[in-house]
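Step one of this worksheet: look at the structure below.
Residue indices begin at 1 and follow the sequence shown. Indexing begins at 1, ligand by ligand and atom by atom, following the structure's order.
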Amino acid sequence: MQRSAAVERHAELTAELRRHDHAYYLEAKPRISDHDYDRLYHELLDLEKQFPELVTPDSPSQRVGGAPLKEFQQVQHALPMLSLENTYSRDEVKAFVTRLQKLLPGEKLEFVVEPKVDGVAVSLRYEHGVLTLGATRGDGTTGDDITANIRTIRSLPLRLVAADADPRADGSRGGVRTVASVPKVLEVRGEVFMSRKGFLRLNAERAAAGEELYANARNTTAGSLKQLDPALVAKRPLEVMIYGTGRVETDDDSPPLRHHETLQWLRALGFRTADRTWLCQSAEELIAAIDELDQVRRGFAYDTDGAVIKLNDFAQRERAGHTAKAPRWAMAYKYAAEQARTRLKAITIQVGRTGALTPVAELEPVLLAGSTIARATLHNEEDMRRKDIRLGDCVMIEKAGEVIPAVVGVVKEQRTGKEQAFRFPATCPECGSKVTRSGTNAAAGLEPQESDGAEEDNVVWRCPNPDCPAQVRGRIEHWCSRGAMDIEGGGEVLAAQLVRSGLVLDVADLYKLSVPEVAALERMGEKSAQNFIAGIEASKRQDLWRLVFGLGILHVGAGVAKALGRAFPSLDELRAASVDQLAAVRDVGAVIARSTFQWFNDGRNRALIERLRKAELNFQSALYHPQSAAGPLSGLTFVLTGTLPSLTRDEAATRIEAAGAKVSGSVSKKTSYVVAGDEAGSKLEKARKLGVKVIDEAEMLRLLANPQTAAGTSK
Ligand code: IVH
């Protein structure tokens, strides 16, 4: 074939295959048989073999390109990816409307209600119509570059082509028709998911191959997107639903100024959007739409867990603004979790890394919200007693927050009299130590909570032995986890093997491991051992907050660890800090300060730190930035408590600090002002007891505007 003819035929084939992809994946109306599709596809491949210069990145042949990656690159989002305020209450929906009406007085408000797809958030960037980047949400500011994986999603266009916008995906109705031109830059935001059918088919294939089944579609989707080899990802039935835009740059005025039209525009550009949306103008209409969505959503091909309500007009959105985490112009209404009924066959006891003993229900497997459930948590002994849960009972289970299923109650009418009470063990099932209920385990001193866990301590039985294999395993796994030191491969299974083999007794031992030692473990290959050791080596350079989080100090979650990393230049300074110094850190309250202090002053933990130092781990904090002392309010200390009417706590703290004052997490006699908002709790009480001046947000703003009116600025 002549080159010119080849160029022409290539263009034809490309366009035709794209049309068929669109018909198949977006309209679910294939126009040709699979066989004919394959024929066209192979013709394209042959042509590209003959004329390799015809292979462009957006060719249908290039969905799976390139070798597996070593790791994902980090990418910064052009506009942050915010999350949504969640609620289960209709009253909150009404309050949301009232709040917006107050923010936008006298304006006519219109909302769009759309399904909340239960998948994984992504941001996709098109430059001059070509897909150039696919990224995960990450922390909202930076995510992983998963472009290669995103490209494998067949329903997603690799190149955008301007077309007629049609309000109906199937083109059956005329309506408004606008011609979309392709923007210079278009970032779209959406949710990657697996349809229920796709998920079931995938699991059926795995069952046939004798492989373990996946628990649910959402987690399998998340796991798929994390794969480094796009060829593997291509085998997963991933799809993507687009629900909005990020940055958009065009030469004309084609991008719509309202959400509803934007969805049509996106559809015209070739994206899949929600199956149904509702336009509403009042709280009553919103609630009606939410109810209607609840009726129809089971008919969708994918799982949904709520309704998203969004202000339609972009200019109004701008005026409504956002808090640090979520826009004020949108919210999610979540539908109550689905429940299922099944038989409680047995109860086992799990020992966590904090030594906490958790009773686990072993169930007759049952289908719940799309996944098969055979185990569920029973929380603790107290909870079991309150619900009067007995072995052999017929129980109701529910997916709490869509993650871990829980037993929520007993169907007492089903009792036969043969059910048996369960006796909580007096000794740890892992190490045989006598279990205690006297608060937390001081030496191991752990738990990933940032809340004040005081009440919980009394109901939880704990194994007091810090060397208990279950706790050691848990600590290793936590250290390696993605949110902490991010050592790939250091999951439950390997952690258990390392501990069982005696190779690892604490996290410092990880840094003495060798490839042959790890490779000799059961089911470990040379290659995975090498990767694991490389991961351990790389973790030495992780920033301080990850290390601090990884230590598993009671109440020190990732957020607190970051706050500590901002406040202290190095682990040595942090270790030497007094309770008061710790409590003076923003986001660190008295409870956290005490537990952090205790942890660092425990002999065992000190020795552990020294061994980590010897292993040459990074002890410096890249987040550290000293607070500027100079400012009109320097010398003053503020404590924020409760919900402020207009500012988030972060926003308020930033303003206070900008004026030179300090923001502390706990109230003491030295506190200059407590700024109290709605539902202020113990800090407000303490301020009153100590006679500390309490002000509201308005007064705080006045102070910031007129610092000379503040009491004691000179102290
Ligand atoms: S809008 C700034 N619309 O829910 C608004 N989100 O908690 C950002 N989600 O991370 C989100 N369906 O991944 C929006 N129709 C929808 C959605 C949706 C699912 C996810 C999204 C986000 C999370 C919000």
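- Here the side chains of Glu488 and Glu71 are not in contact, with every heavy-atom distance at 4.5 Å or above.
- Not a single donor-acceptor pair under 3.5 Å links the side chain of Arg125 to the backbone N or O of Leu131.
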- [ ] List the steps and the verdict of side chain to side chain donor-acceptor pair (under 3.5 Å) for Gln316 and Trp329.
- [x] CA-CA 8 Å; Gln316 286 182 333; Trp329 46 261; over 6 Å; no
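- Heavy-atom proximity to atom 8 (C) of ligand 1, evaluated over Leu79, Leu263, Leu82, is greatest for Leu82.
- Between Phe199 and Phe193, the distance from one ring center to the other does not fall under 6.0 angstrom.
- Classified by interplanar angle (parallel below 30°, tilted 30° to 60°, perpendicular above 60°), the ring pair Phe111/Phe96 is tilted.
- Counting only distance, with no hydrogens or angles, the side chain of Arg272 and the backbone of Arg267 share no donor-acceptor pair below 3.5 Å.
- Near Val308, meaning under 4.0 Å from any of its heavy atoms, are these atoms of ligand 1: 3 (N), 15 (N), 16 (C), 17 (C).
- Among protein heavy atoms, the minimum distance from atom 2 (C) of ligand 1 is reached at Pro327 CG, 3.5 Å.
- Across every non-hydrogen atom of Val182 and His128, the tightest pair is CG1-C, 4.1 Å.
- Scanning the protein for heavy atoms near atom 12 (N) of ligand 1, the closest one is Val117 N, 3.1 Å.
- Annotation: Val120 places no N or O atom under 3.5 Å from an N or O atom of ligand 1; distance criterion only.
- Contact annotation for Ala326 and ligand 1: no heavy atom of the residue comes within less than 4.0 Å of the ligand.
- Across every non-hydrogen atom of Lys226 and Phe72, the tightest pair is O-CE1, 3.3 Å.
- For atom 10 (O) of ligand 1, the closest non-hydrogen atom on the protein side is Ala121 CB, 3.8 Å.
- Shown in contact with Pro115 at under 4.0 Å from a heavy atom are these atoms of ligand 1, numbered in order with element: 12 (N), 15 (N).
- The closest approach between Ala274 and ligand 1 stays at or above 4.0 Å for every heavy atom of the residue.
- For atom 18 (C) of ligand 1, the nearest protein heavy atom (residue, atom name, distance) is Tyr243 CE2, 3.4 Å.
- Considering backbone and side-chain atoms alike, Lys116 places an N or O below 3.5 Å from some N or O of ligand 1.
- Between the side chain of Asn149 and the main chain of Gln227, a donor-acceptor pair closer than 3.5 Å is present.
- Of the polar atoms of Asn86, none of the N or O atoms is found under 3.5 Å from an N or O of ligand 1, judged by distance alone.
- Proximity of Glu191 to ligand 1, defined as any heavy-atom pair under 4.0 Å, is confined to the side chain (atoms from C-beta onward).
- Here the heavy atom of the protein found nearest to atom 3 (N) of ligand 1 is Lys310 NZ, 3.0 Å.
- Closest to atom 15 (N) of ligand 1 among all protein heavy atoms lies Glu114 OE2, 2.9 Å.
- The aromatic rings of Tyr333 and Tyr335 stand perpendicular to each other, their planes meeting at an angle above 60°, with 30° marking the opposite boundary.
- At the shortest separation from atom 5 (C) of ligand 1 among protein heavy atoms lies Leu84 CD2, 3.7 Å.
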